[in-house]
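Take a look at the structure below.
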Amino acid sequence: MSTTTRSRASRRPPRIDGEQLKSLGLLIGTAVTVVVVTVAILSGGSQVAVLLLIGCFGAASVTAAVMGQPVVIIALLVVASAIQRAVAASTLSATALWLDDIVLVGMVLYAAGRILKESSLRVKVVVVVLVLVLGVAVVRAPDLGLGITQFRQMAVPMILLLFGMVLTREQIMKAGPIVVAVILVGAVYGLFEQLGWRPIDPLGVLGLNQYAHGKSFEGLPNSYYYYPADGVRLERSGGLVLNPPSFGMLVGSGLIWAWYTLKGHDVAKLICTVVFLAAALFAFGRGGFVLIALAAFQPLLTRKSGKLSFLVVGVVLGYVALSEFISDGQSAKHVDGFVGGIVYAITHPLGGGFGTAGNSLSRIGLENESGANESLAAIFMASVGWIGIAVIAFLLVRGVLAGRSLPGAALTGAVVVSLVSETAGGLDATGPLWILAGFALSPLARDASFPPTRAERRLTRQSSAPQVDQIGAPT
């Protein structure tokens with residue numbers, strides 16, 4: 001090569017690959033968002049700032065979906081979920097509560113693209129059928145607003161499951177530190193609450209949602225108090241989500257993500273474990289306790305003694321725990337609500353449509369025909385009938401079958417918690433949990449330390465690609 005040629009080559013600017021361009025674009029987008037929102041606050045007031053903030057998160061999620069960046073979508077979701085109630089409480093704007101919902105737009109686009117391109121025909125048919133079933137349930141609702149609200153309740157876990165199902169292990173691992181870090185900030189805030197430091201007033205979000213609780217006592221929402229015995233009152237932590245039951249589930253989800261994705265970072269994992277366990281204790285959310293127990297014992301029991309052993313021990317421990325907590329707080333009401341939902345679903349094969357079950361009925365003066373409430377699964381089953389029972393049973397079985405891994409424990413935990421809690425459908429409470437649960441439905445989630453199943457070996461032989469192409473194939 002001549003000296004002139006070498007000189008020209010040395011003057012050429014370095015090439016920027018696709019990943020660097022994507023990162024640069026997202027960095028610029030973030031900077032623009034900060035500038036726009038700051039200007040809006042200074043010039044147009046808090047309401048304008050909230051609308052622009054929502055618009056920026058929505059645009060960022062769509063951009064990330066188009067650019068094939070699911071990790072960014074996950075980051076947007078956890079950040080939006082962490083700040084939206086604080087924003088709503090500070091601005092008294094109910095619109096701020098849509099901050100994490102807007103991120104679902106990009107999530108739907110990304111998941112739909114992957115499913116249409118790579119999934120089996122069976123998965124496509126199942127998704128279409130579920131969407132149609134939920135649509136019919138909306139049409140049958142006695143009140144359109146209520147129908148849309150409950151449609152969102154049911155659609156959110158489905159979207160998160162499908163999104164998690166199309167992710168790769170590498171993407172989950174990349175998203176892990178972000179998810180854990182954001183939840184950890186909220187957990188530390190929850191610990192400071194026990195010291196009397198609560199700069200964000202949780203009363204600010206009361207009354208912003210017509211379908212949510214709006215009662216308070218001595219300066220805090222009713223959900224912040226727990227009564228373990230007559231004359232004894234405990235003050236709970238609500239974290240940045242300003243809701244103790246949601247906070248308990250969130251830190252339980254954070255613990256599962258930390259244990260699964262912080263491999264090789266023992267100190268960080270230990271710190272997260274201590275903080276999350278303490279936060280779960282102060283939240284005193286039974287849903288969070290269930291998630292932590294399953295994360296600790298399901299993989300261990302399944303690996304050591306098999307799935308049947310886990311089922312036996314799980315049923316026994318579940319019965320003991322239920323016997324202890326049934327008289328505390330609203331536990332009995334939660335169990336009765338689930339039983340009412342499944343009984344109604346069994347006796348009504350097509351369900352009753354949205355507006356048949358759920359806490360939101362009584363809050364707008366409608367009669368609860370099924371008697372089912374305080375249970376996300378009960379609403380689903382009572383609304384769509386036998387199809388709902390089949391879906392819940394399928395997810396629970398898949399969670400047990402995948403129980404040797406933490407994503408499998410996440411799937412089991414998500415389903416179990418949904419049986420006795422409507423909060424299990426909240427994005428700010430269980431968004432990360434349902435994503436990891438969806439990953440458990442993918443063959444890519446299988447622990448590499450275990451030999452592949454017969455179906456996985458057959459799938460590998462049929463594919464010449466290094467990774468499995470058929471999303472949602474049986475494991």
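Since this is a predicted model, take the numbers as computed values, not measurements.
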**Request:** Run the numbers on Trp259 and Thr273 for side chain to side chain donor-acceptor pair (under 3.5 Å), then give the verdict.
**Result:** CA-CA 8 Å; Trp259 286 354; Thr273 299; 2.9 Å; yes
Where the side chain of [X] meets the backbone of [Y], is there a donor-acceptor pair that is under 3.5 Å apart?
X: Arg140; Y: Gly351; answer: yes
X: Trp434; Y: Ile159; answer: no
X: Ser237; Y: Gly190; answer: yes
X: Ser375; Y: Leu419; answer: yes
X: Arg404; Y: Thr302; answer: no
X: Trp386; Y: Ile346; answer: yes
X: Gln150; Y: Gly355; answer: yes
X: Lys124; Y: Leu116; answer: yes
X: Thr430; Y: Leu433; answer: no
X: Ser418; Y: Val415; answer: yes

Straight-line distance of [X] [atom1] to [Y] [atom2], nearest 0.5 Å:
X: Leu53; Y: Ile102; atom1: CG; atom2: CD1; answer: 11.0 Å
X: Leu240; Y: Asp428; atom1: CG; atom2: CG; answer: 11.0 Å
X: Leu76; Y: Leu104; atom1: CG; atom2: CG; answer: 11.5 Å
X: Arg85; Y: Ile200; atom1: CZ; atom2: CD1; answer: 12.0 Å
X: Leu220; Y: Asp201; atom1: CG; atom2: CG; answer: 8.0 Å
X: Phe380; Y: Ile389; atom1: CZ; atom2: CD1; answer: 10.5 Å

Do [X] and [Y] make a side-chain contact, defined as non-hydrogen atoms from C-beta onward lying under 4.5 Å apart?
X: Met154; Y: Val384; value: no
X: Met158; Y: Val131; value: yes
X: Pro245; Y: Arg236; value: yes
X: Thr356; Y: His348; value: no
X: Arg286; Y: Val290; value: no
X: Val251; Y: Leu291; value: no
X: Arg198; Y: Tyr224; value: yes
X: Ile74; Y: Leu167; value: yes

So which heavy atom on [X] is nearest to which on [Y], and how close?
X: Val182; Y: Ala82; answer: CG1-CB, 3.8 Å
X: Ile379; Y: Ser383; answer: O-OG, 2.6 Å
X: Gly425; Y: Val156; answer: O-CG1, 3.7 Å
X: Pro244; Y: Ser223; answer: CG-O, 3.3 Å
X: Ala96; Y: Val87; answer: CB-CG1, 3.8 Å
X: Val103; Y: Leu77; answer: CG1-N, 3.9 Å

**Request:** Please work out which of the three classes, parallel, tilted or perpendicular, describes the rings of Phe163 and Tyr110, given edges at 30° and 60°.
**Result:**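 Perpendicular: the ring planes of Tyr110 and Phe163 meet at over 60°.
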**Asked** Passes side chain to side chain contact (heavy atoms under 4.5 Å, CB included), Phe276 versus Leu184? Steps please.
**Response** CA-CA 7 Å; Phe276 287 149; Leu184 187 65; 4.0 Å; yes
**Request:** Ignoring hydrogens and angles, state whether a donor on the side chain of Gln298 or Thr412 is under 3.5 Å from an acceptor on the partner side chain.
**Result:**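 On atom types as modelled, these side chains qualify, holding a pair under 3.5 Å.
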**Prompt:** Counting only heavy atoms not in Ile387, do more than 12 fall under 6.0 Å of its CD1?
**Reply:**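 Check fails, neighbour count at 12 or below.
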**Prompt:** Cation over ring, Arg233 on Tyr225, under 6.0 Å and within 45°?
**Reply:**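 Satisfied, under 6.0 Å and within 45°.
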**Message:** As a quick check of understanding, evaluate side chain to side chain contact (heavy atoms under 4.5 Å, CB included) for Leu162 and Met107, giving each step before the final call.
**Reply:** CA-CA 9 Å; Leu162 293 174; Met107 194 171 287; over 6 Å; no
**Prompt:** Going through the distances and angles, do Ile183 and Val78 end up as a side chain to side chain contact (heavy atoms under 4.5 Å, CB included)?
**Reply:** CA-CA 8 Å; Ile183 298 177; Val78 294; 5.6 Å; no
**Request:** Under the side chain to side chain contact (heavy atoms under 4.5 Å, CB included) rule, what do Gln84 and Trp98 come out as? Steps first, then yes or no, please.
**Result:** CA-CA 8 Å; Gln84 69 169 3; Trp98 288 93; over 6 Å; no
**side chain to side chain donor-acceptor pair (under 3.5 Å) between Trp257 and Thr261, worked out** = CA-CA 6 Å; Trp257 273 85; Thr261 62; over 6 Å; no
